[in-house]
Number of protein chains: 2
Amino acid sequence: MNSEKNRHEEAGAPDDLRLEKFLPYRLSVLSNRVSNAIAQAYGERFELTIPAWRVMAILGRFPDLSAADLVEQTAMDKVAISRAVSALFRNDYITRSEDPADRRRQVLNLSPLGRDVYERIVPLAQYYENDLMASLSAEERKQLDSIIEKLMDRAQAWAERGLID
Amino acid sequence: MNSEKNRHEEAGAPDDLRLEKFLPYRLSVLSNRVSNAIAQAYGERFELTIPAWRVMAILGRFPDLSAADLVEQTAMDKVAISRAVSALFRNDYITRSEDPADRRRQVLNLSPLGRDVYERIVPLAQYYENDLMASLSAEERKQLDSIIEKLMDRAQAWAERGLID
DNA sequence: TAACATTGGTTTCAATTGTAACCACTTCGT
DNA sequence: ACGAAGTGGTTACAATTGAAACCAATGTTA
């Protein structure tokens, strides 16, 4: 005598999918919340979009990269990088110089102004990250690190081979 | 004698930010990879966008909801829901009926066709989730669950109060 | 060295998304 | 019962994003 009430079907119905428990969904909500909050902080204080900030974060550590190098490092696509770079250049946050060895290539670097901003943003970013991490124990942080690594690999595999089959 | 080479500055430089280790960044990359892969699967087979799929996922379990109810359940915004609902209605995946008690409100349900699709997608979604989860041990899955919960709460707090101060 | 393929990077155009304004209806306070 | 405020939902418009076409320079093959 089926005592489940308020449900759509009787026998034969598939197991339902509980969206609140569905990992892809949860990841998406979490990531959006975090990104939006931080984007707002960057945007308000330095007029930086997230892609632009990422470019700066990389250039801050690794000078003399080209746009193509950035593509490699950031998992962002060509176009996004190109736009971020243009915007940063317009704001005088980075310099572009032509590579004499290959005249298509542009060598990118933080400008003094850019480095200045970089040095002020890094602590801000770290502050946010710490604040997030503060809700976890040291143990959990390690676990999270390794779990993300594993999930990333699996998802990466999807992208490479054409998903399922 | 500073032996660090290939670095931008000497003393006084801030700790660098290693983007590959920065949680917000990693979450974003992971979430995008997963979402894109799955969106592709839904899109190819059923012409569903992610928002539309989410709406179906909820309506499959909870009949007779309004758009506003969906907003509550899905963490998507008004407009996204409205668009998803329109699209689903155009495809005859859902039915809209006017609520006699409140003539602004529309009561939404999966149509027979919609339920059919729902029942075919749920296993697909579960397949993907299982495949992802398969890279984790049972232990790790539990950990992840609780970690996400905690991070979500913290990020939620950011959104409510105006972030930092 | 002439053709062709590749690579670095930008531009263009269409689709997606977010924000704000908006209409229609309902509810509340008086 | 009337006007103000609130709610459900859509529309309009601007900003963001993605895909493909594109230009210029380099590399490769013959």
Side-chain angles (χ1 to χ4, degrees), chain A residues 28-29 31-33 35-40 42-44 47-55 58-59 64-91 94-109 159, chain B residues 28-29 31-33 35-40 42-44 47-55 58-59 64-91 94-109 159:
Chain A
S28 159
V29 172
S31 165
N32 285 340
R33 273 194 197 156
S35 292
N36 290 340
I38 296 190
Q40 193 182 334
Y42 295 163
E44 280 173 4
E47 313 238 0
L48 280 181
T49 62
I50 291 210
W53 149 246
R54 287 184 185 167
V55 166
I58 299 288
L59 285 180
D64 296 324
L65 298 186
S66 68
D69 298 331
L70 288 172
V71 169
E72 240 192 282
Q73 299 248 352
T74 56
M76 306 197 280
D77 81 75
K78 255 169 134 10
V79 180
I81 293 284
S82 173
R83 295 201 254 240
V85 164
S86 302
L88 288 171
F89 184 69
R90 269 197 303 282
N91 295 344
I94 65 174
T95 60
R96 295 161 137 161
S97 53
E98 184 180 80
D99 180 345
D102 182 341
R103 303 202 336 273
R104 295 165 302 183
R105 196 163 182 279
Q106 313 201 122
V107 179
L108 306 173
N109 277 293
Chain B
S28 159
V29 172
S31 163
N32 285 339
R33 271 192 198 159
S35 292
N36 290 338
I38 296 191
Q40 194 181 336
Y42 295 164
E44 281 174 2
E47 314 237 1
L48 280 182
T49 62
I50 292 210
W53 150 247
R54 287 183 184 168
V55 166
I58 299 289
L59 284 181
D64 297 322
L65 298 187
S66 69
D69 297 331
L70 289 171
V71 168
E72 242 193 278
Q73 299 250 349
T74 57
M76 307 197 281
D77 81 76
K78 257 167 134 357
V79 179
I81 294 283
S82 171
R83 296 201 254 241
V85 164
S86 301
L88 288 171
F89 184 69
R90 269 198 302 284
N91 295 345
I94 64 174
T95 60
R96 295 163 136 159
S97 51
E98 184 181 82
D99 180 346
D102 182 341
R103 300 201 343 270
R104 295 166 302 184
R105 197 162 180 279
Q106 314 201 120
V107 179
L108 306 172
N109 277 292

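Because the structure is predicted, anything quoted here is derived from the model rather than measured. The chains referred to below are lettered A, B, ... by the order of the sequence lines, with proteins before strands, and numbering in each begins at 1.
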Colleague: Tabulate protein N/O versus nucleotide N/O from nucleotides 16-20 of chain C, keeping only pairs under 3.5 Å, one per line.
Modeller:
{"residue": "C/dG18", "atom": "N7", "partner": "B/Arg83", "partner atom": "NH2", "Å": "2.7"}
{"residue": "C/dG18", "atom": "O6", "partner": "B/Arg83", "partner atom": "NH1", "Å": "3.2"}
{"residue": "C/dG18", "atom": "O6", "partner": "B/Arg83", "partner atom": "NH2", "Å": "3.2"}

Colleague: Under the salt bridge (Lys or Arg N to Asp or Glu O under 4.0 Å) rule, collect the residues that match up with A/Asp102, sequence neighbours excluded.
Modeller: A/Arg104

Colleague: Could you tell me which residues satisfy side-chain contact (heavy atoms from CB on, under 4.5 Å) with B/Arg96, sequence neighbours excluded, listed by chain and number?
Modeller: B/Val85, B/Ser86, B/Phe89, B/Gln106, B/Leu108

Colleague: Which residue pairs satisfy the salt bridge (charged side-chain N to carboxylate O under 4.0 Å, His left out) criterion with at least one member in residues 80-91 of chain A, sequence neighbours excluded?
Modeller: none

Colleague: On DNA chain D, reading 5' to 3', which nucleotide is the first and which the last to sit with an atom under 4.0 Å from a heavy atom of chain A, could you check?
Modeller: D/dT17 to D/dT26

Colleague: Grab the N/O contacts between the protein and nucleotides 23-26 of chain C below 3.5 Å, and write none if there aren't any.
Modeller:
{"residue": "C/dC25", "atom": "O2", "partner": "B/Arg104", "partner atom": "NH1", "Å": "3.0"}
{"residue": "C/dT26", "atom": "OP1", "partner": "B/Arg103", "partner atom": "N", "Å": "3.0"}

Colleague: The criterion is side-chain hydrogen bond (donor to acceptor under 3.5 Å, both in side chains); which residues satisfy it with A/Asp99, sequence neighbours excluded?
Modeller: A/Arg105

Colleague: Any side-chain heavy atom of A/Thr74 sitting closer than 4.5 Å to one from A/Val55?
Modeller: no

Colleague: With sequence neighbours left out, what residues match B/Thr95 under side-chain hydrogen bond (donor to acceptor under 3.5 Å, both in side chains)?
Modeller: none

Colleague: Among residues at least two apart in sequence or on other chains, which ones pass side-chain contact (heavy atoms from CB on, under 4.5 Å) with A/Asn36?
Modeller: A/Asn32

Colleague: Taking only residues at least two apart or on different chains, which pairs with a member in residues 71-80 of chain B satisfy salt bridge (charged side-chain N to carboxylate O under 4.0 Å, His left out)?
Modeller: none

Colleague: Listed by chain and number, what are the side-chain contact (heavy atoms from CB on, under 4.5 Å) partners of B/Asp64, not counting sequence neighbours?
Modeller: B/Val107, B/Asn109

Colleague: Just to verify, what does B/Arg33 make a side-chain hydrogen bond (donor to acceptor under 3.5 Å, both in side chains) with, not counting sequence neighbours?
Modeller: A/Gln156

Colleague: Mind checking B/Ser66 for me? I need base, sugar-phosphate or nothing, with any heavy atom below 4.0 Å counting as a touch.
Modeller: sugar-phosphate

